[in-house]
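Notes to accompany the following structure.
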Amino acid sequence: MIKLIASDMDGTLLDSNKNINPEFNQILADLKYKNIIFAAVSGRDIVSLKNVFKDIDEDIILASNNGNLIVYKDEVLFENYIEKEKIAKIAQIVRKNSRRFTMYCGKDTMYSESIIPAIIGIKYKLKIKVVKDITKIDDKIIKVTTFGKEKVINKSLEAFKGLKDELMITPSGKACFDICRLGGDKKQAIEILQEKFDIKYDETMVFGDHMNDLEMMESAFYSYAMENAKEEVKNKARFIAKINDENGVIEAIKEVALKKEATI
């Protein structure tokens with residue numbers, strides 16, 4: 001019996017236009033009736049993630065920043081910040097390689113040492129505060145995201161190779177990568193929820209499509225990669241769901257978690 005369902009958002013639950021199928025509200029109501037918990041486990045910041053679900057009636061768990069900030073009914077269940085000395089190391093590398101294309105995510109505020117992310121963020125309804133020196137702010141950082149053209153991404157990833165044993169550095173989209181505290185991945189978030197709500201591995205269902213979902217595939221028996229997911233994720237998953245534009249997550253939930261018991 002499924003007791004916990006966790007899904008990534010972009011490329012998974014959201015369609016290619018970044019919308020949620022209207023049927024999802026009813027799916028959540030049906031899950032609630034069966035006492036099944038739903039968690040959105042996303043690379044998005046908490047403000048952006050809340051905005052995605054602003055029209056959703058049911059309470060869901062929001063595990064933002066690759067699961068490093070988990071919130072349920074406005075209560076913080078878990079928060080996992082990058083150590084300040086590591087932020088200083090990150091900033092040093094960013095300034096040499098990708099200052100104009102990097103955002104630092106705090107709990108409620110996003111920062112950048114360049115105005116470019118702030119301008120781009122307007123399109124996506126993101127409020128990004130421009131600061132002169134990220135190491136001087138009176139806030140803690142959960143995640144650092146660098147985006148841009150392939151040349152920028154590859155150059156930056158190469159520059160961060162020396163910190164791969166100190167930080168979680170993961171491609172999170174076609175043109176971006178995330179940096180989190182070492183061990184701060186979506187698998188950790190699922191395990192925290194499993195422990196909190198006394199849910200077993202074989203009572204858990206997860207959905208993902210990109211490299212920041214890779215570890216999460218190990219946290220559930222019902223591990224689903226989208227049909228158009230990265231090959232590494234598909235190889236790690238036990239099952240394949242239809243693509244997001246064909247409502248793969250919803251269809252798999254209806255088939256497995258909400259299937260009607262056979263009657264005699």
Side-chain angles (χ1 to χ4, degrees), residues 1-65 67 69-78 125 186 189-209 213 216-217 219-227 229 237-264:
M1 178 180 175
I2 305 295
K3 293 184 179 179
L4 170 64
I5 299 173
S7 177
D8 178 42
M9 300 304 300
D10 297 278
T12 309
L13 186 60
L14 301 181
D15 65 22
S16 55
N17 293 317
K18 305 301 180 185
N19 295 319
I20 295 180
N21 189 305
E23 185 183 2
F24 187 61
N25 240 326
Q26 183 58 51
I27 292 294
L28 286 177
D30 293 341
L31 292 176
K32 183 178 181 180
Y33 179 77
K34 295 190 72 170
N35 294 314
I36 299 173
I37 297 168
F38 183 87
V41 186
S42 174
R44 289 174 177 246
D45 67 286
I46 192 66
V47 175
S48 175
L49 197 53
K50 284 181 177 179
N51 187 56
V52 169
F53 293 102
K54 66 181 186 300
D55 297 322
I56 297 297
D57 298 328
E58 305 296 339
D59 291 315
I60 64 176
I61 294 174
L62 301 178
S64 66
N65 296 296
L69 175 60
I70 306 177
V71 177
Y72 183 49
K73 296 181 179 179
D74 292 324
E75 177 189 354
V76 175
L77 303 183
F78 176 72
K125 299 180 180 179
K186 295 183 181 183
I190 300 300
E191 290 174 345
I192 287 168
L193 294 177
Q194 288 170 329
E195 181 176 356
K196 179 173 180 61
F197 296 102
D198 191 23
I199 295 171
K200 298 175 183 177
Y201 168 84
D202 57 4
E203 297 171 331
T204 306
M205 189 177 194
V206 299
F207 297 87
D209 71 317
D213 301 315
M216 185 170 67
M217 295 297 110
S219 64
F221 177 84
Y222 297 94
S223 56
Y224 283 79
M226 309 308 289
E227 199 172 78
R238 186 171 276 106
F239 305 100
I240 302 296
K242 294 179 182 178
I243 65 173
N244 54 332
D245 282 337
E246 294 178 359
N247 303 312
V249 172
I250 289 176
E251 292 304 314
I253 289 174
K254 289 195 293 187
E255 181 182 342
V256 177
L258 295 176
K259 65 180 179 181
K260 293 183 179 179
E261 300 295 332
T263 57
I264 298 175

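All heavy atoms count here, side chains included; hydrogens, waters and symmetry mates do not.
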Looking at [atom1] of [X] and [atom2] of [Y], how far apart are the two atoms once the value is rounded to the nearest 0.5 Å?
{"X": "D59", "Y": "K73", "atom1": "CG", "atom2": "NZ", "result": "5.0 Å"}
{"X": "L258", "Y": "I5", "atom1": "CG", "atom2": "CD1", "result": "6.5 Å"}
{"X": "I56", "Y": "I27", "atom1": "CD1", "atom2": "CD1", "result": "11.0 Å"}
{"X": "I2", "Y": "D202", "atom1": "CD1", "atom2": "CG", "result": "8.5 Å"}
{"X": "L49", "Y": "L62", "atom1": "CG", "atom2": "CG", "result": "4.5 Å"}

Qualifying residues under side chain to side chain contact (heavy atoms under 4.5 Å, CB included), relative to [X], sequence neighbours excluded:
{"X": "A220", "result": "T204, V206"}
{"X": "F78", "result": "I70, N80, Q188, I192"}
{"X": "F197", "result": "I37, I61, L193, I199"}

Any idea which heavy atoms bring M217 and A237 closest together, and the distance?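 That closest heavy-atom pairing would be SD-CB, 3.6 Å.
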Of all the heavy-atom pairs spanning A229 and G208, show the shortest one and how long it is.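 Heavy-atom minimum between the residues: CB-O, 4.2 Å.
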Restricting to salt bridge (charged side-chain N to carboxylate O under 4.0 Å, His left out), what partner residues turn up for [X], sequence neighbours left out?
{"X": "E203", "answer": "K3"}
{"X": "D74", "answer": "K50"}
{"X": "K200", "answer": "none"}
{"X": "E246", "answer": "none"}

Okay, side chain of [X], backbone of [Y]: is any donor-acceptor separation there less than 3.5 Å?
{"X": "D45", "Y": "S48", "answer": "yes"}
{"X": "R238", "Y": "F221", "answer": "yes"}
{"X": "D57", "Y": "N25", "answer": "no"}

For F207, give me all partners under ring-ring contact (aromatic ring centres under 6.0 Å, His included), at least two apart in sequence or on another chain. Y224
Residues at least two apart in sequence or cross-chain that pass ring-ring contact (aromatic ring centres under 6.0 Å, His included) with Y222, listed by chain then number, are none
My understanding is that only residues two or more places apart in sequence, or in another chain, count here; which of them pass side-chain hydrogen bond (donor to acceptor under 3.5 Å, both in side chains) with E251? K254
Residue pairs passing the ring pair (Phe, Tyr, Trp, His ring centres under 6.0 Å) test with at least one member in residues 10-53, sequence neighbours excluded, are F24-F38
What donor-acceptor contacts under 3.5 angstrom involve side-chain atoms of residues 7-21, with partners at least two apart or in another chain?
| unit_1 | atom_1 | unit_2 | atom_2 | d |
| --- | --- | --- | --- | --- |
| D8 | OD1 | K186 | NZ | 3.0 |
| D8 | OD2 | T12 | OG1 | 3.2 |
| D10 | OD1 | K18 | NZ | 3.0 |
| D10 | OD1 | R44 | NH2 | 2.8 |
| D10 | OD2 | R44 | NE | 2.8 |
| T12 | OG1 | D209 | OD1 | 3.3 |
| D15 | OD1 | N17 | N | 2.8 |
| D15 | OD1 | K18 | N | 3.1 |
| D15 | OD1 | N19 | N | 3.0 |
| S16 | OG | D245 | OD1 | 3.2 |
| S16 | OG | D245 | OD2 | 3.0 |
| N21 | OD1 | E23 | N | 2.7 |
| N21 | ND2 | N247 | OD1 | 3.0 |

